[in-house]
Amino acid sequence: MTLVAKLTMTTENNQTKVRPFTSSTTLAKASLLLRTVAKIFPTGGTLSRIAREVGMNTATAHRLLTALAHEGLLTFDPYAKTYHVGFELLQIAESAQAVAPDLKLRHHLRPMLASIARRTEESTYLSILANRDSVCIDLAEGTYPISANTLVAGARRPLGVGAGAMALLAALPLKEGDQMVIKNQERYERYSGITPAEVGYGLSECRRLGFAFNNGRIVPEVAALGVAFRVPDSEHRVAISVASVVSRMHAERRQLVIDVIRDEIRQWISQAVDHRAFKGSCVGSRFHRSLE
């Protein structure tokens, strides 16, 4: 299989796509009904109206709506013969408020992510620190014909595994970062046999350079660069990473990509705070100097 075919297949398998209404899986049909009731019939919808809206036969719709009601995700009014959002779904939504700050952050940083992807032509990712992990919360696809998209929104990796995760690890205080490698050491081997020693070396290099570089160690033929920074006036540590095929990540182009990332971060920060606040928020002394 050619590199183009492999990377294209990886992209197709990893990208989050909304299934079309014609999907035949029971879960997809049930999810469609749930979304339809929540969005189109917030004050209640009858079986016939809901089934007609989604293009589903009434027998199938009735079976699935009944199951959703049984689970508490919907409620059925036997008098008005209408389905409504259930209390269980409201409880799930309430618990999801814990991630609301992350969603707000993703919204604010999305234009910067898109600009980096446009300028570098490569897949660009936004990751946040979550306990011992790095979690990808957004991505912007590049325009280069060979896609190196290896993450999806929601993907989680141990700190130190991947460019974004390594940059976030280096963003921690020295002692805390070193302890984190020890805490995660048993998890590293699952990722292409990475050893704690490799992570430790990568961590020291990231601290020295102010950015992380993964040269195809996790996903063969895919290299990535990562830069982490603290969002001013918040506790958020985030990382921006850019992935490409290894052949495009030669030294000269690595510097170009890093310069683009840093430039976009600088522009984004400058819109909200002054330069002095930003100087203290980024990882790596060399990164600080490059912004002056």
Side-chain angles (χ1 to χ4, degrees), residues 96-120 122-140 151 153-157 159-160 162-180 203-213 224-243 255-292:
Q97 289 300 309
V99 302
D102 297 336
L103 296 177
K104 185 176 181 180
L105 181 65
R106 182 176 71 168
H107 174 74
H108 288 317
L109 289 171
R110 179 163 285 177
M112 178 177 70
L113 210 64
S115 183
I116 293 173
R118 176 182 55 78
R119 293 176 63 182
T120 63
E122 311 291 2
S123 297
T124 305
Y125 308 91
L126 171 65
S127 301
I128 61 171
L129 184 67
N131 297 319
R132 294 191 296 165
D133 294 340
S134 165
V135 180
C136 175
I137 63 172
D138 204 5
L139 65 92
L151 288 175
R156 181 181 291 260
R157 285 179 176 174
L159 289 174
M166 179 60 78
L168 285 171
L169 178 62
L172 297 174
L174 292 178
K175 185 176 181 180
E176 186 178 348
D178 294 338
Q179 291 176 339
M180 190 64 70
L203 176 58
S204 63
E205 284 295 284
C206 186
R207 286 168 173 167
R208 181 177 68 86
L209 299 171
F211 64 86
F213 176 50
L225 293 160
V227 175
F229 66 98
R230 183 192 293 274
V231 177
D233 302 320
S234 79
E235 294 302 314
H236 279 290
R237 289 189 180 96
V238 303
I240 303 294
S241 55
V242 171
Q255 188 59 55
L256 182 149
V257 172
I258 287 297
D259 289 345
V260 168
I261 296 174
R262 289 171 170 170
D263 179 56
E264 290 290 340
I265 292 174
R266 183 196 301 110
Q267 290 185 53
W268 183 81
I269 293 291
S270 67
Q271 294 175 3
V273 296
D274 62 26
H275 181 68
R276 287 176 299 173
F278 178 53
K279 275 184 63 178
S281 69
C282 296
V283 180
S285 59
R286 183 171 298 189
F287 186 24
H288 292 167
R289 290 194 297 273
S290 71
L291 293 169
E292 293 179 342

In the structure I gave you, are the side-chain heavy atoms of [X] and [Y] within less than 4.5 Å of one another anywhere?
X	Y	answer
S123	L139	no
V260	V242	no
L168	S127	yes
H236	D102	yes

How long is the gap from [atom1] on [X] to [atom2] on [Y], to the nearest 0.5 Å?
X	Y	atom1	atom2	answer
I258	D263	CD1	CG	12.5 Å
D138	L105	CG	CG	9.5 Å
E264	I240	CD	CD1	9.5 Å
L129	M180	CG	CE	6.5 Å
L126	I137	CG	CD1	4.0 Å
Q255	R262	CD	CZ	6.5 Å

Legend entry - Listed partners of R237 passing salt bridge (charged side-chain N to carboxylate O under 4.0 Å, His left out), at least two apart: none

Inset, instruction - List in chain and number order the residues that pass salt bridge (charged side-chain N to carboxylate O under 4.0 Å, His left out) with D259, two or more places apart in sequence or in another chain; answer none if no residue qualifies. - result: none

Inset, instruction - Determine, stepwise, if the pair L174 / R207 fulfils side chain to side chain contact (heavy atoms under 4.5 Å, CB included). - result: CA-CA 9 Å; L174 292 178; R207 286 168 173 167; 3.5 Å; yes

Inset, instruction - In plain terms, say whether D178 and K175 are close enough for a salt bridge, that is, a side-chain N and a carboxylate O under 4.0 Å apart. - result: no

Legend entry - Residue pair I261, F211: steps toward the side chain to side chain contact (heavy atoms under 4.5 Å, CB included) verdict: CA-CA 10 Å; I261 296 174; F211 64 86; over 6 Å; no

Minimum heavy-atom separation for [X] and [Y], please, with both atom names.
X	Y	answer
A239	A167	CB-CB, 4.4 Å
G162	R157	CA-NH1, 4.1 Å
R208	E205	NH2-OE1, 2.8 Å

Legend entry - Intermediate values then yes/no, side chain to side chain contact (heavy atoms under 4.5 Å, CB included), V231 and H108: CA-CA 11 Å; V231 177; H108 288 317; over 6 Å; no

Inset, instruction - Begin with the C-alpha distance, continue with both residues' side-chain angles, and end with the deciding distance and a verdict on side chain to side chain contact (heavy atoms under 4.5 Å, CB included) for W268 and L113. - result: CA-CA 10 Å; W268 183 81; L113 210 64; over 6 Å; no

